[in-house]
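Sequence lines set the chain letters: A, B, ... in the order given, protein chains first and strands last, and positions in each chain run from 1.
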Amino acid sequence: AQKITQTQPGMFVQEKEAVTLDCTYDTSDQSYGLFWYKQPSSGEMIFLIYQGSYDEQNATEGRYSLNFQKARKSANLVISASQLGDSAMYFCAMREGINFGNEKLTFGTGTRLTIIP
Amino acid sequence: DVKVTQSSRYLVKRTGEKVFLECVQDMDHENMFWYRQDPGLGLRLIYFSYDVKMKEKGDIPEGYSVSREKKERFSLILESASTNQTSMYLCASGAGVNQPQHFGDGTRLSIL
């Protein structure tokens, strides 16, 4: 089974609208972390936001927020007031466990977001 | 700011060659990682390292090896390059389990 599932290969959104990018995960660990990265066409991976499994509040970073629904095992990224510069690939990733050696990430297949002027 | 530097943005090599991809980080991070990225597959972990001279296999280690002789440098080696290793290769470093990994700009490798 896929550990990280991103069901939207591509999305087109009008500028200034809010965007929700879906991410579901599969793990039996109680302690885990979820990350979102942005990859513009230039290729670099930019860290956006992090949510720990024990964090009680949804993470927020500027225009980015993470809609964390633990029971449903989903960690959707919400971008408010989208801008043309938000056009990029977006990856959801998971780290499982807290022990030494658990820093590795498992990535989803990504969602290509295109913002339309 | 964390800086992860990969030695080449683009590289073209021939089948059967031994290929070295170099990665250097300047934040004294213990952990370093090599991923490959292919369309429709996301990023897949090849190898990672927790400390100097320590390495662990990731999900797709076949055909690759790594070297970490100094803390700041992590090298990926394609022992005998094959066309199915044509891909984007991304190096990352990280400070711990709840910290984000920081990525280099990637090396787009073509094997002819």
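Looking at B/Gln101, the atoms closer than 4.5 Å to chain A (heavy atoms on both sides) sit in the backbone and in the side chain alike.
Residue A/Lys16 qualifies as open at atom NZ: its count of foreign heavy atoms under 6.0 Å is 12 or below. In this structure, A/Arg63 places its CZ atom where more than 12 heavy-atom neighbours from other residues, nucleotides or ligands lie under 6.0 Å away. Within 6.0 Å of the CD atom in A/Glu56, the count of heavy atoms belonging to other residues, nucleotides or ligands does not exceed 12. Within a 6.0 Å radius of NZ in A/Lys73, other residues, nucleotides and ligands contribute more than 12 heavy atoms.
In this structure, B/Val52 stands alone, with no Ile, Leu, Val, Met, Phe, Trp or Tyr side-chain heavy atom under 4.5 Å from its own, directly or through other members.
For the atom pair A/Tyr37 OH and B/Leu90 CG, the distance stands at 11.0 Å (nearest 0.5 Å). Here NZ of A/Lys104 is found 9.5 Å from OH of B/Tyr35. Values are rounded to the nearest 0.5 Å. Interatomic distance, A/Thr109 OG1 to B/Leu43 CG, rounded to the nearest 0.5 Å: 11.0 Å.
Under the 4.5 Å side-chain criterion, counting only non-hydrogen atoms from C-beta, A/Tyr50 is not in contact with B/Pro100.
Both B/Phe48 and A/Phe91 belong to a common hydrophobic cluster when Ile, Leu, Val, Met, Phe, Trp and Tyr are linked at side-chain heavy-atom distances under 4.5 angstrom.
Sequence neighbours left out, the pairs with a member in residues 32-41 of chain B that pass salt bridge (charged side-chain N to carboxylate O under 4.0 Å, His left out) are B/Arg36-B/Asp38, B/Asp38-B/Arg44.
Among the residues in residues 7-20 of chain B, those with a non-hydrogen atom closer than 4.5 angstrom to a non-hydrogen atom of chain A are B/Arg9.
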Which pairs would a plain distance check flag for residues 39-48 of chain A, meaning a side-chain donor or acceptor within less than 3.5 Å of a matching protein atom at least two apart in sequence or in another chain?
{"residue": "A/Gln39", "atom": "OE1", "partner": "B/Gln37", "partner atom": "NE2", "Å": "2.7"}
{"residue": "A/Gln39", "atom": "NE2", "partner": "A/Gly43", "partner atom": "O", "Å": "2.9"}
{"residue": "A/Gln39", "atom": "NE2", "partner": "B/Gln37", "partner atom": "OE1", "Å": "2.9"}
{"residue": "A/Ser42", "atom": "OG", "partner": "A/Glu44", "partner atom": "OE1", "Å": "2.4"}
{"residue": "A/Ser42", "atom": "OG", "partner": "A/Glu44", "partner atom": "OE2", "Å": "3.4"}

